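Here's the structure, in structure tokens; my notes come after.
Keep in mind the model is a prediction, meaning the values are calculated, not measured. Values below: all heavy atoms of this structure, side chains included; hydrogens, waters and symmetry mates excluded. Counting convention: from 1, in listed order, for ligands and their atoms alike.
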Amino acid sequence: MANILIVNGPNLNLLGSREPGLYGSQTLSDIEEKLAVIAHARGHDIAFFQSNAEHEIVDRIHLAYQQLVAFIVLNPAAFTHTSIAIRDALLATRIPFIEVHLSNPHAREPFRRTSYFSDIARGVILGLGGLGYELALMAAMQMINESKPA
Ligand code: CA2
């Protein structure tokens, strides 16, 4: 059993209510419920965190380190393109993570092509909507299992 944390950045609390053409019609709760079913079926604990505030995400990553969280699935949202602070929290705690985006930032405005996370992520999933979180969770669980001593 491992602790897995799902972190979502600013405005993702609005999922399902606005811009469904870009971000899909599922709410964040819909996505989280599916992830909980997948993680629990494989005997893992899963926690969810969403914040519109950069420092709260930094603090949650610090707490995850104290809680021995084994893996983070992270959609930093707009902080993807700006946040050295969240990047530094991930580097400091060395918690492995997968970066997920609902949309494909490379198919949007040029400023979305820069990520402060992709080069330090174990993997990156773009443009698959809510399915991206499920695939990231599956990959995280496999990596957790593979890193266990035999
Ligand atoms: O595609 C993604 O997942 C993004 O991380 C979403 C961010 C955007 O800044 C990134 O470039 C790519 C924006 C999240 C906004 O979330 C909303 C959800 C519903 C309605 C309006 C905004």
Pairs in or reaching into residues 77-93: which pass salt bridge (Lys or Arg N to Asp or Glu O under 4.0 Å), with residues at least two apart or in two chains? Arg87-Asp119

Which class fits the ring pair Phe117 and Phe97: parallel under 30°, tilted 30 to 60°, perpendicular over 60°? perpendicular

Give one line per pair: atom of ligand 1, protein atom, distance. Only N/O to N/O under 3.5 Å.
residue	atom	partner	partner atom	Å
ligand 1	1 (O)	Leu102	N	3.3
ligand 1	1 (O)	Ser103	N	2.8
ligand 1	1 (O)	Ser103	OG	2.5
ligand 1	3 (O)	Asn75	ND2	2.8
ligand 1	3 (O)	Leu102	N	2.7
ligand 1	5 (O)	Asn75	OD1	2.9
ligand 1	5 (O)	His101	ND1	2.8
ligand 1	9 (O)	Ala78	N	3.4
ligand 1	9 (O)	Arg112	NH1	2.9
ligand 1	11 (O)	His81	NE2	2.7
ligand 1	11 (O)	Arg112	NH1	2.9
ligand 1	16 (O)	Asn11	O	3.4

Applying salt bridge (Lys or Arg N to Asp or Glu O under 4.0 Å) as the test, list every pair that has at least one member in residues 67-85; sequence neighbours left out. none

If two hydrophobic side chains count as joined below 4.5 Å and joins carry through other members, does Ile98 share a cluster with Ile144? yes

Could you note down all residue pairs passing salt bridge (Lys or Arg N to Asp or Glu O under 4.0 Å) where residues 56-70 supplies at least one of them, sequence neighbours left out? none

State, with a plain yes or no, whether a side-chain heavy atom of Ile31 is found less than 4.5 Å away from one of Asn8. no

